[in-house]
2 protein chains.
Amino acid sequence: MTFQALESQSTAELLAEQIRDAILVGKLHPGDRLIEQELSESFKTSRGPIREAIRILATEGLVELRKNRGAIVSAPNFDDVLEVYAMRMSMGSIAVTHASQLSLESELDLGKVTKKLEAMRTAVGGNANRMISLDLDFQSALIALGALPRITEMFEQTAVDIGVFVRFLGIKYDDSDHKALISRHEKLLKAIKVGNASQAIEIWNGHIQTSVREFMKPFSEVEVNELFERPLMNNLFEMENVR
Amino acid sequence: MTFQALESQSTAELLAEQIRDAILVGKLHPGDRLIEQELSESFKTSRGPIREAIRILATEGLVELRKNRGAIVSAPNFDDVLEVYAMRMSMGSIAVTHASQLSLESELDLGKVTKKLEAMRTAVGGNANRMISLDLDFQSALIALGALPRITEMFEQTAVDIGVFVRFLGIKYDDSDHKALISRHEKLLKAIKVGNASQAIEIWNGHIQTSVREFMKPFSEVEVNELFERPLMNNLFEMENVR
DNA sequence: TACTCCTAAATTGTCAACAATCTACAATTC
DNA sequence: GAATTGTAGATTGTTGACAATTTAGGAGTA
């Protein structure tokens with residue numbers, strides 16, 4: 001029998017995780033300063049690893065680094081939402097296409113992604129935020145099927161972005177139809193399985209558009225109108241369905 | 001009159017630049033180890049900034065980081081080429097679309113991108129590698145027109161990737177028709193200027209496809225055939241034109 | 001008051017020493 | 001001889017001290 005090689009994370013990654021969570025959970029607010037000394041005292045470590053953790057968060061865009069002046073938690077805005085969803089749409093199209101083709105050539109391991117979908121089924125009707133989180137997990141697993149390392153990683157990054165939006169823009173997926181969501185996912189998986197790339201893309205793009213629509217629900221008409229006046233929206237998302 | 005705030009790079013960034021160049025120029029080869037002590041001695045600095053520089057290069061994918069075992073210069077492969085070009089194609093489509101729309105709304109500043117194009121005109125008929133580099137510059141400036149920070153940054157990253165490919169896969173743009181290249185770029189800029197997004201996308205995608213084709217020229221038929229058997233290629237690039 | 005200049009405190013940047021971990025190779029066992 | 005174990009050297013990880021820089025606030029000036 002063989003064991004799976006365990007590779008532990010570095011201290012810096014562990015620290016970055018903690019700080020990231022603190023931001024995502026709202027313990028740290030946009031504009032807050034991250035002071036190395038302070039953090040090193042509360043984490044009971046030296047400044048070195050803390051520094052490294054802050055750099056990690058900086059490349060993720062969660063904090064802004066100003067030379068000689070430390071790091072501050074950065075603030076997202078509406079434009080970012082549109083850009084991130086646009087990226088998820090097109091990176092997803094590539095990954096889903098690739099996965100469809102891989103499925104035709106060799107057998108594709110749908111184990112992980114099926115598991116995520118199962119988790120979503122179990123959560124139907126429950127907490128909305130939990131469903132968002134599970135949906136993001138499902139999507140990540142789906143995109144990983146494409147086995148394209150850069151795209152997979154970039155997609156993972158946009159999931160962090162969405163976490164930020166959910167927290168700081170007050171975005172919610174309330175009232176979304178969980179069952180419809182899941183049945184769409186099932187169709188998507190099926191399309192990939194039989195190698196129907198164009199159908200898979202269609203479903204994928206539809207899902208992203210629905211996500212954007214759900215995101216926008218809680219906002220006042222004025223805000224939404226302003227948002228949909230932005231150039232990106234016109235082209236990538238079906239604005240007429242939303243208003 | 002106002003001066004532009006000059007923001008000097010941090011030591012770590014400076015060091016990363018030096019090491020990056022060393023890799024891109026072939027002084028460091030894939031598999032080579034980056035030993036902090038060694039580097040700190042030759043750069044006459046301590047290990048701290050060197051460490052930071054290595055982490056920067058790691059996020060760029062130029063080196064691979066192994067916990068407690070240091071960093072090694074990473075080796076690219078053909079799959080990476082396809083993925084990177086696929087990303088450039090679709091991120092470019094978004095940026096170019098956005099730029100077209102921005103052009104209709106407000107006036108778009110084409111100054112920088114025009115300048116890059118001018119530089120390409122001057123270089124026509126000269127060194128092929130220089131033309132690659134200028135073309136990459138032009139493309140970056142073009143994508144920056146979209147004013148989408150994440151996409152712009154990601155695109156910049158793929159330019160580094162291509163630098164790696166050029167160096168380590170022996171890829172060349174020899175024999176490419178520089179004049180045709182430039183006239184295509186002119187058409188693309190015009191399309192953006194008049195807000196014709198779909199035409200701009202078409203030209204953009206065509207350019208990426210041509211780039212891939214040029215990339216592949218130096219390789220033996222066997223290699224190219226093998227390459228074009230890979231799933232990604234079938235769908236995203238017009239393989240029948242290439243063989 | 002509004003402005004500049006100056007100084008002290010806070011904070012980041014850098015460094016060299018020490019601790020922890022890994023690698024390569026010799027010693028040991030079967 | 002092959003496989004395993006032990007060990008020294010090399011290398012990364014961490015730390016606390018010091019240097020450089022920025023920030024905030026007060027004194028001085030008009």
Side-chain angles (χ1 to χ4, degrees), chain A residues 1-20 22-23 27-74, chain B residues 2-20 22-23 27-75:
Chain A
M1 111 129 252
T2 67
F3 286 107
Q4 188 168 5
L6 54 82
E7 50 184 78
S8 59
Q9 298 175 80
S10 72
T11 313
E13 276 168 347
L14 249 31
L15 290 168
E17 221 162 75
Q18 297 275 320
I19 302 172
R20 188 187 303 115
I23 295 174
K27 287 180 189 163
L28 286 169
H29 307 92
D32 281 1
R33 296 178 60 191
L34 297 182
I35 292 161
E36 296 179 358
Q37 184 69 33
E38 247 175 46
L39 290 169
S40 71
E41 277 161 19
S42 47
F43 280 116
K44 301 253 191 300
T45 167
S46 69
R47 278 176 53 219
I50 296 285
R51 249 180 107 76
E52 219 169 294
I54 291 177
R55 309 291 147 142
I56 292 173
L57 297 174
T59 68
E60 291 174 0
L62 278 170
V63 306
E64 193 186 338
L65 227 52
R66 304 116 78 216
K67 194 188 155 203
N68 285 324
R69 309 193 306 139
I72 57 173
V73 178
S74 45
Chain B
T2 65
F3 286 106
Q4 187 168 6
L6 54 81
E7 49 184 79
S8 60
Q9 298 175 78
S10 72
T11 312
E13 277 169 345
L14 250 28
L15 290 167
E17 220 162 76
Q18 298 273 320
I19 302 172
R20 189 188 301 115
I23 295 174
K27 286 180 190 165
L28 287 169
H29 308 91
D32 281 0
R33 296 179 59 190
L34 297 182
I35 293 163
E36 297 179 359
Q37 184 68 34
E38 244 175 48
L39 290 169
S40 71
E41 275 161 21
S42 48
F43 281 115
K44 302 255 191 300
T45 168
S46 72
R47 277 175 54 219
I50 296 283
R51 250 179 106 77
E52 219 169 295
I54 291 177
R55 309 291 147 142
I56 291 174
L57 296 174
T59 67
E60 290 174 1
L62 278 169
V63 307
E64 192 187 338
L65 228 50
R66 299 139 344 141
K67 193 187 155 204
N68 285 325
R69 309 192 306 138
I72 57 172
V73 178
S74 46

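Bear in mind that the values here come from a model prediction, so they are computed numbers and not experimental data.
Put simply, the side chain of B/T11 never gets that close to the backbone of B/P49: no donor and acceptor are under 3.5 Å apart. Not one N or O on the side chain of B/S10 forms a donor-acceptor pair closer than 3.5 Å with the backbone of A/K67. Using modelled atom types, no side-chain atom of A/T45 and backbone atom of A/S40 make a donor-acceptor pair closer than 3.5 Å.
In terms of phosphate contacts, B/T11 brings no side-chain nitrogen or oxygen within less than 4.0 Å of OP1 or OP2 of C/dG13. Side-chain N/O atoms of B/S46 include one lying less than 4.0 angstrom from OP1 or OP2 on C/dC15. For the pair B/R55 and D/dG13, the criterion of a side-chain N or O lying under 4.0 Å from OP1 or OP2 is met. Not one side-chain nitrogen or oxygen of B/T45 sits closer than 4.0 Å to the OP1 or OP2 atom of C/dT14.
Nucleotide C/dC22 holds its P atom 16 Å from the CD1 atom of B/I72, rounded to whole Å. When rounded to the nearest whole Å, the span between CD of A/E41 and P of C/dT12 equals 12 Å. If you take CD of B/E36 and P of C/dT21, they are 16 Å apart, rounded to a whole angstrom. Distance B/L34 CG to D/dT12 C1': 13 Å, rounded to the nearest Å. Taking atom CG of residue B/L65 and atom P of nucleotide D/dT12, one finds them 10 Å apart after rounding to whole Å. The CD atom of A/Q9 sits 14 Å away from the P atom of D/dG13 (whole-angstrom rounding). If you take CD of B/Q37 and C1' of D/dA10, they are 10 Å apart, rounded to a whole angstrom. Between the C1' atom of D/dT14 and the CG atom of A/L15 lies a distance of 12 Å, rounded to the nearest Å.
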Practice item. Given side chain to side chain contact (heavy atoms under 4.5 Å, CB included), test B/I19 with B/L34 step by step and report yes or no. Key: CA-CA 9 Å; B/I19 302 172; B/L34 297 182; 4.3 Å; yes
Check your understanding: Please walk me through it: do A/E13 and A/E52 pass side chain to side chain contact (heavy atoms under 4.5 Å, CB included)?
Key -> CA-CA 8 Å; A/E13 276 168 347; A/E52 219 169 294; over 6 Å; no
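No contact: B/S10 has no heavy atom under 4.0 Å from any strand. Among the atoms of the strands shown, none is found under 4.0 Å from any heavy atom of B/I50. Residue-level contact check: B/I54 touches neither bases nor backbone, having no heavy atom under 4.0 Å from any strand.
Comparing A/E38 and B/K44 by the nucleotide of DNA chain C that holds the closest heavy atom to each, the one mapping nearer the 5' end is A/E38. Positionally, the nearest nucleotide of DNA chain D for B/I35 lies more toward the 5' end than for the other of A/G48 and B/I35.
Checking D/dG13, C/dG13, D/dT15 against every side-chain atom of B/R47, the shortest atom distance belongs to D/dG13. For A/R51, taking side-chain heavy atoms from C-beta onward, the closest of the listed nucleotides D/dG16, C/dT12, D/dG13 is C/dT12.
In this structure, B/V73 and B/L57 have side chains that are not in contact, with every pair of non-hydrogen atoms separated by 4.5 Å or more. In this structure, B/I23 and B/D32 have side chains that are not in contact, with every pair of non-hydrogen atoms separated by 4.5 Å or more.
We find that A/E38 and A/R33 are not joined by a salt bridge, their nearest charged nitrogen and carboxylate oxygen being 4.0 Å or further apart.
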Practice item. Can you check each nucleotide of nucleotides 20-25 of chain D against protein heavy atoms at under 4.0 Å and return B for base, S for sugar-phosphate only, - for none, in 5' to 3' order? Key: -SSS--
